[in-house]
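Note sheet for the following structure.
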Protein chains: 2
Amino acid sequence: MAVNLVTPHPADLKPVAGVRLGVAEAGIRKAARRDLTVIELAAGSRVAGVFTKNRFCAAPVQVCKAHLPGGAVRALVINTGVANAGTGEPGLAHARATCAALARQIGVEAVQVLPFSTGVILEPLPVERLVAGLPRAVAGLRADGWFDAAHAIMTTDTLAKAVSKQVSIGGRTVTLTGISKGAGMIKPNMATMLGFLACDAAVSQALLDALVKEAAELSFNSITVDGDTSTNDSFILIATGAAGNAEITDAGSADYRTLRDAVVEVSIALAQAIVRDGEGATKFMTIAVEGGRDRDECRKVAYAVAHSPLVKTAFFASDPNLGRILAAIGYAGIDDLDVSALRVWLGNPDESVLVAEHGGRAASYVEEAGARIMQHAELTVRIALGRGGAAATVWTCDFSYDYVKINADYRS
Amino acid sequence: MAVNLVTPHPADLKPVAGVRLGVAEAGIRKAARRDLTVIELAAGSRVAGVFTKNRFCAAPVQVCKAHLPGGAVRALVINTGVANAGTGEPGLAHARATCAALARQIGVEAVQVLPFSTGVILEPLPVERLVAGLPRAVAGLRADGWFDAAHAIMTTDTLAKAVSKQVSIGGRTVTLTGISKGAGMIKPNMATMLGFLACDAAVSQALLDALVKEAAELSFNSITVDGDTSTNDSFILIATGAAGNAEITDAGSADYRTLRDAVVEVSIALAQAIVRDGEGATKFMTIAVEGGRDRDECRKVAYAVAHSPLVKTAFFASDPNLGRILAAIGYAGIDDLDVSALRVWLGNPDESVLVAEHGGRAASYVEEAGARIMQHAELTVRIALGRGGAAATVWTCDFSYDYVKINADYRS
């Protein structure tokens, strides 16, 4: 049960000039499901990426980090079912063999292929079945393959996640289309489970590298479902240059600003889609912290609230047991926090009420207001720390019976 | 449903010379339940305590910190139902009024009384009802009141938690009896929800102050249920001196070692009881980390595993989805962790198997062994980091439907 999330109609997903996608059923872990995706990029495309900081980072992530600096990426290959993480040297060999097999089929070098895996950790990748599935995925490559690809990268996701947007840059229409997957083990650190965003703008590699980091920070790095940072998080930004605009090379230009805003907007939509489809989610929660000394302490507070199982279960129950929010703020790790200067509001799209101030419950707060607001599926906790000018926002979901059910049953 | 936890028979709880306890029904939050406890100490008793580091620390915690250095504590007063946290200045006034009322009744000064509260945060303490209940609790003071007190401090606990032990010190029998409460919002930081341990040994204040910190570190500060650090955590160690032993003043003496070992043993039993009665718990999990460079990094790894909702739900399901443990180790925050040097074992009291080494699944591991071991309710995850000589152990429980149910329903 996703929260206010609708999979776009296939016709809403605009092809990006220079990108073709194909999927196949390779039987990686289960039969009769699409579990293999190939994304082919036109020559000259530029690619930038950010990856998990988990020390147990998966074999494909390690191979991506080795191949990406080469700078001439021509294809991405993504499998679900097995994460190829916690697989040691054999896992690395499997990831490299996957790249080599795809490279042969499309006539490029193995280092021009980036591999991605998502699924169960600590199990060997059935690389023979994966390689055997590649010809079918390659045969099916097409420019309007985004909808199928969005489905083929799903694991415990209940809905496919994809967003398109068009902007005008230098008199040319630039198209951005992105897909993402993920519902659990979501607390990205510099990247998310899997996100792929392609555009046909011409933009310098240096700006693309900066943009992928900025967009990740504001989107995938600002969400959490359960606080578990995955071993396989990857977010890839592609610019094929096929739109025909004059190459963007100036970070101060209006063209860059237009592209940057569109990339950030699509990234946030893809990241929020993961939270809306969070395992067992019934509420979509925005934790907005302001008035901090720096962004880092605002994020600490936001994540403490967003990760608290007590806060998340209270939201699941629509119970305004808001003292739990204060407790989480209190243990967030700001040693010199002055709780008497702190203010907390609870809101939904229709109304917002001040809940706490002067170190306690606001005199104006009545529980009926809290209970009424919490009936809504879209909720905002706004926290003013009263100690500076920095702010940060984190998106998360509630914690329900179904989260336990999904994660107690996954694999079985 | 607690995991291998039995409330002791009243006769198993030995009175501690110099300590009397009384309880009453004060109707703090709900009618017809014992929710008020008074613990009276003989003149000359020494008391040491550690308290929550939560910045939203409750009013009674603040009053305890102010009264404790006075050094002549004669009584403790504990209410359940309302935590008196997030209550600002009125909350402090209520805590002080509670101390003053009890002090008048037993003929001591208000600063000789320590107040404790546990229950819902952000709600005002009904201090009139509390004060009205005090005479009944005082009238019922008796040396064998430990069993009743263990029940009267419960909130979502399903079983009362109490432990007694006797040791011989300087030819005298020294008795230790302790009680604790807590089942959720359990991730103590320098203390736990509520723990009270009294002994009749004669021991210097300096050693008692050191001992309460050491015992807390090895017991209450090494458990977690849900990672939520409470606003009200307090652990109090009392030494009445009534046993008649020569006062212990030397940390290097055999007498101190005997007392220290007994206090630590009882503290660990009380702390583990909280985990065994963790909200919704079906498994008792020991996370033992060794081979770290220092104790702090071992604790980081242990807590990352102990807090992971994915690990906890897999244990609930008895599913050896052990890659989730590797993922948690990987994001624990040790930036230079060499995953190829790491080894992980899964065990129960009957057997233990090597699960992971060389950055992946151990060649000798078969999933049948993991599945068999996980059927047991007492499980150990042993993690060897392979980078030093430090170690740390954390105790936790699994994450079940009932955790969500309890916390979605609490208050209602």
Side-chain angles (χ1 to χ4, degrees), chain A residues 53-57 83 85-91 120-124 184-185 187 189 226-231 307-310 313-314 316-317 319 321-324 326-332 334-335 337 339-340 356 358-361 399-401 403-405 407-412, chain B residues 53-57 83 85-91 120-124 184-185 187 189 226-231 307-310 313-314 316-317 319 321-324 326-332 334-335 337 339-340 356 358-361 399-401 403-405 407-412:
Chain A
K53 288 280 180 68
N54 192 309
R55 288 300 305 162
F56 254 104
C57 81
T87 46
E89 278 299 327
V120 179
I121 301 168
L122 206 62
E123 293 195 5
M185 200 175 270
K187 198 274 177 173
N189 182 359
D226 48 18
D228 277 285
T229 301
S230 154
T231 48
H307 284 152
S308 162
L310 292 171
T313 48
F316 168 55
D319 176 8
N321 191 343
L322 302 172
R324 293 175 177 181
L326 298 195
I329 296 169
Y331 67 68
I334 304 185
D335 289 339
L337 182 68
V339 299
S340 68
H358 306 315
R361 189 158 69 179
F399 218 158
S400 69
Y401 296 114
Y403 178 87
V404 178
K405 180 172 165 55
N407 283 296
D409 288 353
Y410 185 48
R411 295 209 326 167
S412 51
Chain B
K53 289 279 179 69
N54 192 309
R55 288 300 304 162
F56 253 105
C57 81
T87 47
E89 278 298 326
V120 179
I121 301 168
L122 206 63
E123 292 195 6
M185 200 176 271
K187 198 274 177 173
N189 182 359
D226 47 19
D228 276 285
T229 302
S230 154
T231 48
H307 285 151
S308 163
L310 292 171
T313 48
F316 168 56
D319 176 7
N321 191 344
L322 303 173
R324 293 176 176 180
L326 298 195
I329 296 169
Y331 67 67
I334 304 184
D335 290 338
L337 182 68
V339 299
S340 68
H358 306 316
R361 189 159 68 180
F399 217 156
S400 69
Y401 296 113
Y403 178 88
V404 178
K405 181 172 165 55
N407 283 297
D409 288 354
Y410 185 47
R411 296 208 326 166
S412 52

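Lettering follows sequence order; numbering is per chain, from 1.
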Heavy-atom contact with chain B under 4.5 Å, split by part of A:Ser340: neither
Portion of A:Tyr401 that has a non-hydrogen atom of chain B nearer than 4.5 angstrom: both
Nearest heavy-atom neighbours spanning A:Ala408 and B:Ala317: O-CB, 3.0 Å
Non-hydrogen atoms of A:Phe399 and B:Val404 that approach each other most closely: O-CG1, 3.8 Å
Between A:Gly86, A:Gly359, A:Gly330, A:Gly323, the one whose heavy-atom pairs under 4.5 Å with chain B are most numerous: A:Gly330
Check: A:Asp335 main-chain N/O paired with B:Arg55 side-chain donor or acceptor under 3.5 Å: yes
A:Phe316 side chain near B:Asn407 side chain, heavy-atom distance below 4.5 Å: no
Distance (rounded to the nearest 0.5 Å) between A:Ile121 CD1 and B:Leu322 CG: 10.5 Å
